[in-house]
S.K.: 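First the structure, then my questions, so here it is.
This is a predicted model, so every value here is computed, not measured. In what follows, every heavy atom counts, from backbone to side chain, and hydrogens, waters and symmetry copies are set aside. Order of appearance sets the numbers: ligands from 1, and atoms from 1 within every ligand.
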Amino acid sequence: MTKKQDMPRMRVLFAASECLPFIKTGGLADVAGALPKQLCKNGTDARVVLPLYKRVWEAWGERMECLCEFPVRLGWRCQPCTVRTLTRDGVTYYFIENEYYFGRDYIYGSFDSEEAERFGFFSKAILEMMPRIGFVPEVLHLNDWQCAMCAPLLRLQYAKDPAYSRIRTLMTIHNLKFQGVFDRGFTDELLSLGSAAFDPRCLEFYGAVNYLKGGIVYADRVSTVSPTYAREILTPYYGEQLDGVLRERENALSGLLNGIDADFFDPSKDPALAENFSVDDMAGKAVCKQALLREFGLGVSPDTPVAAVVTRLTDQKGLDLIAHVLDELMCLDMALVVLGTGDKRYENMFAQAAARYPGRVGVRLAYDEALSHRIYAGADLFLMPSRFEPCGLSQLIALRYGAVPVVRETGGLADSVAPYNKYTDTGVGFAFLNYNAHELLYTVQHAVAYYHGDRAMWERLVRRGMEADYSWEEASARYEDLYAHMIS
Ligand code: ADP
């Protein structure tokens, strides 16, 4: 039998529009920051490519080395591209530089034709870059719509070239809601894919062009970030108008649950916390709770459970359910802490709640990584009643920091939060099935009753959550199996 160390290292290029520690707007950055790092530790030659945004250049430019420069043709345009690189924690990162497209103050813009062009350029530049830097991967791992067009471009324009003919593509959907839908005429001119590609079985989407659909149709394999979400997106309710296209590719579709970076999210050494703690010494968690109550000016006793919400404030996250039963929730002996930014209506809703319940509801309308860690560490409950949830990382972080998740059983929440079962004394959280505010209310009532009524049970519940392995060490093996399967 061949030993793993005797086998040639698999070559994987991981393409994403955001990646920690360089730039983050959502969960994709966590995955892009952690999965390739773990793959490299396991022995895969995984490298990452992302756009060189202005902010990234300002913070990291000095540490980068210039690798090559070449022109990228986009219709009548000929745009310069510079590839820069740096290595960090054993991972090689490539940055696609073009001042016009990425030297801006924002990451994602709001003008459709500009976004089509910026990320059309990104996709084409990735393909042009590979032979020039001497790294042609066996698997090109595409993430979300921003680089999805690599798949049709590769198949329709590059695959005849022997340099590209052996590349396999994996299209991972982190959130099906975001698809990159653009004007057909413009995209046609931009990418020169030919009219056959604009057929409804290919890129066409209700008269427009859909970049993510291009990835789904042309990639060798498609994956999403949890097994339940992989099943859900085949239905019209969750399918975001692509369920039919996904059903066509059902045999090539997998659902692989994300992990979290267990070094970064580690309550036993997290520098953001008032005091560190672990399952073996939980004293620090009580200190973190006290510090959190002080930080938010909450006057409740240390025996009152603190429920937390840390999220983008969008309707995906089930905030309407919280709004609907907020007054009933506040009849319970509990406090509520909220950290988030996003839609004005939710910002107003939480700001008003803080004004109505001074000393019991604390709200920060901000994006603050360190504060989010202090909240996970100080909270007893973590509310995540999402309408849909491809995977969700927040509930995994909450589990690791001893905050018991209360979730709606959907997508990755259903796959990662086993509900408490009093007969077998198993489970790590509380869950409800229907998108219904009173189901959320009953579930929180139930959880709060256990907190007050059976502390020993609660401590066991917390401990099981903290001990569960949601690390990438575990989760990366599922990707390696899929890559190996694709190559063979
Ligand atoms: P999504 O990707 O849909 O936003 P996830 O649960 O997959 O949701 O990932 C969200 C990540 O962003 C988590 O790491 C969470 O802690 C973090 N996060 C969300 N909102 C905030 C905020 N306002 N401040 C700090 N971190 C946040």
S.K.: Are E295 and R364 close enough for a salt bridge, meaning some N to O gap below 4.0 Å?
M.R.: no

S.K.: Measure across C19 and V48 and return the closest heavy-atom pair with its distance rounded to 0.1 Å.
M.R.: SG-CG1, 4.2 Å

S.K.: Which residues pass the side-chain hydrogen bond (donor to acceptor under 3.5 Å, both in side chains) test with T25, sequence neighbours left out?
M.R.: E18

S.K.: If you look at each N/O of ligand 1, which protein N/O atoms lie under 3.5 Å away, and at what distance?
M.R.:
from     : atom 1 : to   : atom 2 : distance (Å)
ligand 1 : 2 (O)  : G27  : N      : 2.9
ligand 1 : 3 (O)  : R312 : NH2    : 2.7
ligand 1 : 3 (O)  : K317 : NZ     : 2.9
ligand 1 : 4 (O)  : R312 : NE     : 2.8
ligand 1 : 6 (O)  : L393 : N      : 2.9
ligand 1 : 6 (O)  : S394 : N      : 3.1
ligand 1 : 6 (O)  : S394 : OG     : 2.9
ligand 1 : 7 (O)  : L393 : N      : 3.1
ligand 1 : 8 (O)  : K317 : NZ     : 3.2
ligand 1 : 14 (O) : K24  : NZ     : 3.3
ligand 1 : 16 (O) : Y376 : OH     : 2.6
ligand 1 : 23 (N) : A366 : O      : 2.8
ligand 1 : 24 (N) : D368 : N      : 3.0

S.K.: Before accepting this row, confirm whether a basic side-chain N of the pair E58/R55 lies closer than 4.0 Å to the acidic partner's carboxylate O.
M.R.: no

S.K.: Is any side-chain N of the basic residue among D263 and K269 closer than 4.0 Å to the acidic one's carboxylate O?
M.R.: yes

S.K.: Salt-bridge test for E250 and R247: reply yes if a basic N is under 4.0 Å from a carboxylate O, no otherwise.
M.R.: no

